[in-house]
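Since the structure comes first, as structure tokens, the remarks are kept for the end.
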Amino acid sequence: MRSQHVVSRAVLRGFAAPGHGGKGWELVPFDVRHDRHLRARGLRGCGKVDNFVGAASTSAEALWKAVEDRIPEMVAAARSGRLFESRSNMSAAQSCLALHFVRSHRFMQIHDEAVTEAARQVRRNTVHERRELLEAEFSRRFGGLLPGGDEGLRTVMDPYIEKWLSLADRGVIARESLESMFERIQDAVSQWAIQVWHAAPSEEFLIGDVPCVTVRYVDGDTKVVPNIALGDASTLLMPIARDCVISVAMEQSEDVMDPQAVRTMNELQLLSAREFVYYRPGSQLGPWLSRTRPSAG
């Protein structure tokens, strides 16, 4: 595929406003790398990555669609205080968190780094752990000759590593990893309850291109450390509309975020974003973004 929404349009719409002249729903992108506001654009042009899943992406798309079809009803229920009236909507909230945790720039970066490191370790360790096997294969291929050291053994091994890396470059490994990881994360998140947070009056949330954030509470829950391993996190949270956030916890709950907590949530989106955060045209978040520099806490 040429491009892929890493933030569902069903979620983006909750942050948007109608455009001028009947242009449909629009968002203003803020470029976090260059500290600049861009012109408002439609939802189709927001929260996207080119060639996010590069190979055989039909199966991944089907998996994502099954979750995204349930998001509009879930978001509407959460914003109106009715999420806990429906098990289906609570399940949809859990799946929404899992989807946006896995289908993200951050996950892909971790995945790509893991593939590169795994190839390096295999190349380094196999010549020692499988030396006899590699020597026998070298001798078979080259008419009884013995390898002249580790480099000779690697001539036997490297074509297989290169084939594996080629699959990685084409996105085959990433696709399989994304799909299997989504199922694992969805299963893990389903063991937790959902919290719903509403923005305090006159406050609103923005959303970034890595919207689902892990955080760990430290210093007696007075500060947060973002973007840590899920197993070490206190919670997983995500804004789903400009007035609503969902997260996971031991017990379900619903409450209002005070203005300082809303600001912290928006700073987390800024810290986690790879390229853009988005807000509705005319929002007070525009001036706030122009003068703020986020810091966890």
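Every heavy atom of this structure was used, including side-chain atoms; hydrogens, water molecules and symmetry mates were not.
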Is it the case that over 12 heavy atoms from other parts of the model lie below 6.0 angstrom from the CZ atom of Arg141? yes
Quick check: are there more than 12 heavy atoms from other residues, nucleotides or ligands sitting under 6.0 Å from CZ of Arg79? yes
Donor-acceptor pair, side chain of Asp209 and main chain of Phe276, under 3.5 angstrom: yes
Mark yes or no for whether Arg130, through its side chain, and Leu134, through its backbone, hold a donor-acceptor pair below 3.5 Å. no
Glu275: which of Arg36, Lys48, Arg33 passes salt bridge (Lys or Arg N to Asp or Glu O under 4.0 Å): Arg33
At what distance, to the nearest 0.5 angstrom, does CG of Leu237 lie from OG1 of Thr214? 8.5 Å
For the pair Gln186 (side chain) and Leu99 (backbone), establish whether a donor and an acceptor sit closer than 3.5 Å, ignoring hydrogens and angles. no
Strictly by ring-ring contact (aromatic ring centres under 6.0 Å, His included), give each pair with a member in residues 131-153 just once, sequence neighbours left out. Phe138-Phe142
With the side chain counted from C-beta on, respond yes when Phe30 and Asp35 share a heavy-atom pair under 4.5 Å apart, and no when they do not. yes
Closest heavy-atom pair, Ile71 versus Ala10, reported as atoms and distance to 0.1 Å, is CG2-CB, 3.7 Å
Would the distance check show the side chain of Ser247 and the main-chain N or O of Thr235 forming a donor-acceptor pair, the cut-off being under 3.5 Å? no
With a 4.0 Å cut-off, would you call Glu68 and Arg9 a salt bridge? no
Separation between CD1 (Ile185) and CZ (Phe101), nearest 0.5 Å, reads 5.0 Å
If every non-hydrogen atom of Pro226 is compared with every non-hydrogen atom of Leu271, which pair is closest and at what distance? CG-CD1, 4.4 Å
Are the side chains of Ile194 and Gln252 in contact, using a 4.5 Å heavy-atom criterion? no
Of all the heavy-atom pairs spanning Cys46 and Gly42, show the shortest one and how long it is. SG-O, 3.4 Å
For the pair Ser283 (side chain) and Leu285 (backbone), establish whether a donor and an acceptor sit closer than 3.5 Å, ignoring hydrogens and angles. yes
Residue list, side-chain contact (heavy atoms from CB on, under 4.5 Å) with Pro281, at least two apart or on another chain: Ala17, Glu26, Val28, Ala40
Give the minimum heavy-atom separation between Val7 and Gly208, together with the two atoms involved. CG2-O, 3.6 Å
Lys/Arg N to Asp/Glu carboxylate O, Asp232 vs Arg216, below 4.0 Å: no
Would you say the side-chain atoms of Ser272 pair up with the backbone N or O of Gln269, donor to acceptor, closer than 3.5 Å? no
So, do Leu236 and Val213 sit near enough that their side-chain heavy atoms are less than 4.5 Å apart? no
If hydrophobic clusters are built by linking Ile, Leu, Val, Met, Phe, Trp and Tyr wherever their side-chain heavy atoms come under 4.5 Å apart, do Leu133 and Met157 end up in the same one? no
Once you round to the nearest 0.5 Å, how far does CD1 of Ile240 lie from SG of Cys212? 11.5 Å
Check whether any side-chain N or O of His37 sits under 3.5 Å from a backbone N or O of Pro29 as a donor-acceptor pair, and report yes or no. no
Could you check if a side-chain atom of Phe15 sits within less than 4.5 angstrom of a side-chain atom of Arg280, using non-hydrogen atoms only? no
Rounded to the nearest 0.5 angstrom, the CG-NE2 distance for Leu12 and His5 is 6.0 Å
Taking Asp258 for the side chain and Ala199 for the main chain, is one N or O donor matched with an acceptor at less than 3.5 Å? no
Does atom CD of Glu132 have more than 12 heavy-atom neighbours from other groups under 6.0 Å away? no
Are Glu254 and Arg82 ion-paired here, with the side-chain N under 4.0 Å from a carboxylate O? no
A side-chain contact here means heavy atoms from C-beta on lying under 4.5 Å apart; do Gln195 and Val245 qualify? no
Quick check for you: to the nearest 0.5 Å, what is the distance between Ser8 atom OG and Arg103 atom CZ? 4.5 Å
Output all residues satisfying side-chain contact (heavy atoms from CB on, under 4.5 Å) with Asn125, sequence neighbours left out; order by chain, then residue number. Gln121, Glu129
Closest non-hydrogen atoms of Pro211 and Ile207, given as atom of the first, atom of the second and distance, are CB-CG1, 3.7 Å
Test side-chain contact (heavy atoms from CB on, under 4.5 Å) on Leu289 and Leu206; report intermediate values, then the result. CA-CA 10 Å; Leu289 283 165; Leu206 53 73; 3.8 Å; yes
Beyond-backbone contact of Leu97 with His100, side-chain heavy atoms, under 4.5 angstrom: no
To the nearest 0.5 Å, tell me how far Cys244 SG sits from Glu204 CD. 13.5 Å
Quick check on the hydrophobic clustering: are Val210 and Tyr279 connected, directly or via other members, by side-chain heavy-atom contacts under 4.5 Å? no
Would you indicate whether the side-chain heavy atoms of Leu268 and Val215 approach each other to under 4.5 Å? yes
More than 12 foreign heavy atoms under 6.0 Å from CZ of Arg131: is that the case here? yes
Can you name the residues that form a side-chain contact (heavy atoms from CB on, under 4.5 Å) with Ser190, not counting sequence neighbours? Gln94, Asp187
Would you say Met265 and Val256 are hydrophobically clustered, going by side-chain heavy atoms of ILVMFWY under 4.5 Å? no
Under 3.5 Å, sequence neighbours excluded: what are the donor-acceptor pairs made by side chains of residues 83-92?
| unit_1 | atom_1 | unit_2 | atom_2 | d |
| --- | --- | --- | --- | --- |
| Ser86 | OG | Ser88 | N | 3.2 |
| Ser86 | OG | Asn89 | N | 3.1 |
| Ser91 | OG | Arg70 | NH2 | 3.2 |

Under the ring-ring contact (aromatic ring centres under 6.0 Å, His included) rule, what pairs show up with a residue in residues 178-213, not counting sequence neighbours? Trp64-Phe182
